[in-house]
Amino acid sequence: MTESEVIQASRNKLNRAIGFLRGNKKLDDTSRGQLALQALHSLQTGDYERAAKIMEGEAGDPVDGDPTTAIDQLTDTLRDMGDRVNGLNDQVREVNTALDEQLYWIPNLPHDSVPYGDSDEQNIAHPHQGAIRTFTFEPKPHWDLGVALDIIDFERGVKLAGSRAYVLKNWGARLQRALINLFLDMARDHGFEELYVPFFVKEDMMYGAGQFPKFRDVVYTDPEADIYMLPTAEVAITNLYRDEIVDEAQLPIYMVANTPCFRREKTSAGRDVRGIKRVHQFQKVELYKFTTPETSYQELESLVEAASDVCRALELPFRRLEIVTGDLGFSATKKYDLEVWAPGCQEWLEVSSCSNTESFQARRANIKYRPHGSKKSQFVHTLNGSGLAAPRVIIAIMENYQQADGSIEIPTALRPYLGGADVIPSK
RNA sequence: GGACGGGUGGCCGAGCGGUUUAAGGCGUUGGUCUUGAAAACCAAAGUGGGGCUUCAGUCUCACCGUGGGUUCGAAUCCCACCCCUUCCGCCA
């Protein structure tokens with residue numbers, strides 16, 4: 001016990017005892033004063049147990065003194081004890097607050113299986129899956145295709161909302177809607193439960209998901225309300241079971257949500273300014289798992305596979321990237337990215353990022369489960385992965401499926417979502 | 001946005017300054033009984049932190065929406081805030 005707890009324990013006993021003494025109807029004022037006097041004497045010699053017992057009626061040795069003021073002196077002594085406890089507690093609180101502020105800045109530790117590396121340049125690219133298309137013409141970047149087909153309107157997007165804003169039109173908007181439905185349907189096939197969540201959350205939720213305090217400058221906020229726009233649905237889903245203890249039989253829990261994601265992208269001003277690769281608002285379908293510690297790494301593998309299946313369904317060439325220690329980010333113990341090839345802008349585009357955070361988020365959001373037969377609850381493990389981010393998939397489809405006449409073929413898997421259409425016609 | 005009422009364990013619900021160790025009920029778990037079940041009866045059980053321990057336990061602090069305050073002592077009194085019911089207003 002800490003010092004303040006020791007004092008508090010005595011206070012609790014004495015407060016109860018003095019209440020008993022006050023309300024003891026068997027006593028007259030004189031004998032009550034005499035007991036108080038004896039209790040006071042014990043208190044002054046440091047014997048709190050005895051003082052409490054005397055007040056509860058156990059006779060002690062008679063002592064000299066003024067019985068009429070004894071109870072007042074007792075309460076004075078107890079007040080002093082209370083002041084002392086409060087003083088100590090204030091000190092403890094101050095230290096704890098300062099400590100927490102520091103601890104929130106400490107990132108998660110990499111898992112043993114994560115390869116060592118200083119930066120994203122050392123990330124390990126697995127062999128790509130799916131054929132990389134060859135073209136009989138020079139494939140165009142999506143920003144040219146989008147304007148030519150009148151399916152992305154950059155100028156009017158900027159007019160509405162400033163830099164990095166865009167408007168999807170006609171087939172562009174429909175394509176995104178079709179993609180999201182495909183993503184969600186495939187997630188459901190993999191056992192994920194679909195959610196519709198608030199697009200903004202309270203500040204605590206940002207801490208719970210590990211976004212705050214480090215990435216505070218990335219999110220949009222209403223400074224007058226305690227409200228922050230989601231940079232990813234992960235924040236909302238993580239906190240669904242905040243301060244709860246889930247039954248082990250419920251685990252693993254799979255959830256999926258389609259939300260817009262809002263990001264200031266302040267840190268990367270000047271990068272990727274063309275097109276819709278890096279924007280302030282985009283649609284993303286997020287896959288999320290709550291698991292036991294024993295299964296979280298195999299769940300990470302199946303999570304990456306679930307995301308990979310979407311790339312396969314769309315017949316896009318993609319590869320898995322194994323993230324090295326130096327590029328892990330703040331919350332993850334292990335992470336895989338999925339990249340699809342975009343022949344127009346000639347680069348691999350990150351369309352998914354799948355992480356195990358182990359108990360990192362669960363600790364912050366206080367999400368526990370009770371193992372079978374155990375009295376003690378413990379933290380769950382949480383995993384998140386995109387499945388997938390819409391704009392970059394739109395880029396990949398436009399650039400991979402473009403044809404010599406400027407039209408874009410629609411991937412087979414998407415056609416049922418677009419009334420059976422097989423092509424976005426050129427203008 | 002205005003008015004009223006209210007937030008208590010897994011759920012319902014009592015308590016409204018000191019024997020609260022939070023009543024009672026429902027539900028849960030174990031046991032008795034039973035061929036098995038039901039019923040009945042008996043028993044157990046909140047969450048988190050910390051300390052001892054022979055790992056069966058045991059002691060202790062905190063927790064009754066949140067944060068302050070009053071008091072020797074707060075679930076109970078006061079203030080602020082949040083949330084919910086109902087009614088009114090507004091609105092897709």
Side-chain angles (χ1 to χ4, degrees), chain A residues 1-27 29 32-33 35-44 46-58 67-97 99-100 103 196 198-208 222-228 239-251 253 359 362-380:
Chain A
M1 277 199 287
T2 65
E3 189 183 352
S4 75
E5 280 176 354
V6 173
I7 304 172
Q8 186 62 45
S10 301
R11 283 189 74 212
N12 289 341
K13 279 200 191 84
L14 292 166
N15 285 332
R16 209 172 300 141
I18 199 172
F20 186 90
L21 180 66
R22 275 215 145 100
N24 192 342
K25 297 211 167 66
K26 290 180 194 157
L27 299 174
D29 284 349
R32 189 175 290 127
L35 281 177
L37 209 53
Q38 291 169 18
L40 190 62
H41 184 258
S42 293
L43 216 54
Q44 280 157 355
D47 193 347
Y48 297 149
E49 295 285 338
R50 178 118 186 88
K53 285 203 171 111
I54 289 167
M55 284 189 270
E56 280 162 356
E58 186 177 298
T68 58
T69 60
I71 287 195
D72 289 340
Q73 288 185 55
L74 269 177
T75 55
D76 285 349
T77 310
L78 288 175
R79 186 186 302 124
D80 289 345
M81 287 174 77
D83 290 346
R84 217 168 132 211
V85 169
N86 287 337
L88 288 169
N89 287 343
D90 286 347
Q91 287 179 43
V92 169
R93 195 175 310 122
E94 212 171 289
V95 171
N96 278 339
T97 306
L99 184 62
D100 282 346
L103 290 176
Y196 175 80
F199 299 162
F200 49 87
V201 292
K202 295 186 282 189
E203 186 177 27
D204 287 349
M205 308 305 141
M206 287 292 186
Y207 277 95
D222 174 352
E224 290 183 13
D226 174 26
I227 275 178
Y228 300 83
N239 289 285
L240 262 190
Y241 293 107
R242 164 178 275 267
D243 295 327
E244 290 187 35
I245 301 173
V246 299
D247 198 26
E248 187 182 12
Q250 287 179 262
L251 298 175
I253 297 171
S359 60
R363 282 173 200 282
R364 292 172 177 232
N366 191 26
I367 308 162
K368 299 185 169 179
Y369 78 105
R370 198 185 312 281
H372 284 310
S374 169
K375 270 181 108 170
K376 204 82 180 150
S377 57
Q378 59 177 288
F379 292 109
V380 299

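Residue numbering restarts at 1 for every chain, and letters A, B, ... go by the order of the sequence lines. Here the structure is a predicted model, which means the values were calculated and not measured.
- B/G2 and B/G9 have their P atoms separated by 29 Å, with the value rounded to a whole Å.
- For the pair A/Asp243 CG and B/C83 P, the interatomic distance rounds to 17 Å; values are reported in whole Å.
- Separation of the P atoms belonging to B/C83 and B/G30 is 42 Å when rounded to the nearest angstrom.
- Spacing between atom CD of A/Gln378 and atom P of B/G48 amounts to 11 Å, rounded to whole angstrom units.
- Taking atom C1' on both nucleotides, B/C41 is separated from B/C87 by 49 Å, rounded to a whole Å.
- Nucleotides B/G7 and B/G13 are separated by 9 Å at their P atoms, to the nearest Å.
- Rounded to the nearest Å, the gap between the P atom of B/A37 and that of B/G46 is 27 Å.
- If you check B/A62, B/C72, B/G48 against the side chain of A/Ile18, the one that comes closest is B/C72.
- Using Watson-Crick or G-U wobble geometry with both donor-acceptor distances under 3.5 Å, B/G18 finds its partner in B/C72.
- Summarising the base pairing, B/A3 is matched to B/U86 through a Watson-Crick or G-U wobble pair whose two defining distances lie under 3.5 Å.
- With a cut-off of 3.5 Å on both Watson-Crick or G-U wobble distances, the partner of B/C91 is given as none.
- For A/Glu49, the CD atom is loosely surrounded, since the number of other residues' heavy atoms within 6.0 Å does not exceed 12.
- Between A/Ser377 and the phosphate of B/G48, there is a side-chain N or O to OP1/OP2 separation shorter than 4.0 Å.
- Rounded to whole Å, the separation between the C1' atoms of B/U60 and B/U71 comes to 24 Å.
- Spacing between atom CZ of A/Arg79 and atom C1' of B/G69 amounts to 16 Å, rounded to whole angstrom units.
- The shortest heavy-atom contact between A/Ala52 and A/Leu14 is N-CD2, 3.9 Å.
- Between B/G73, B/U60, B/G18, one nucleotide has an atom nearer to the side chain of A/Ala9 than all others, and that is B/U60.
- Closest approach to the A/Asn15 side chain among B/C61, B/U47, B/C72 is made by B/C72 (side chain taken as heavy atoms from C-beta onward).
- Spacing of P atoms, B/U54 relative to B/A40, comes out at 44 Å, to the nearest Å.
- For A/Ile245, whose side chain is taken as the heavy atoms from C-beta onward, the closest listed nucleotide among B/C61, B/G48, B/C72 is B/G48.
- The number of heavy atoms from other shown groups lying within 6.0 Å of CZ (A/Arg242) is above 12.
- Candidate nucleotides B/C72, B/C61, B/U21 were compared by shortest atom distance to the side chain of A/Arg16, and B/U21 ranks first.
- Comparing the C1' positions of B/G1 and B/C61 gives an interatomic distance of 44 Å, to the nearest angstrom.
- When distances are taken from the side chain of A/Arg22 to each of B/C61, B/G18, B/G48, the shortest belongs to B/G18.
- B/U28 and B/A44 make up a base pair, with Watson-Crick or G-U wobble contacts both under 3.5 Å.
- Minimum heavy-atom separation, A/Phe379 to A/Ser359: CB-CB, 3.9 Å.
- Between A/Gln8 and the phosphate of B/U60, there is no side-chain N or O to OP1/OP2 separation shorter than 4.0 Å.
- At a threshold of 4.0 angstrom between heavy atoms, the contacts of A/Lys368 are confined to the sugar-phosphate backbone, with no base atom among them.
- Nucleotide B/U66 holds its C1' atom 11 Å from the CG atom of A/Asp204, rounded to whole Å.
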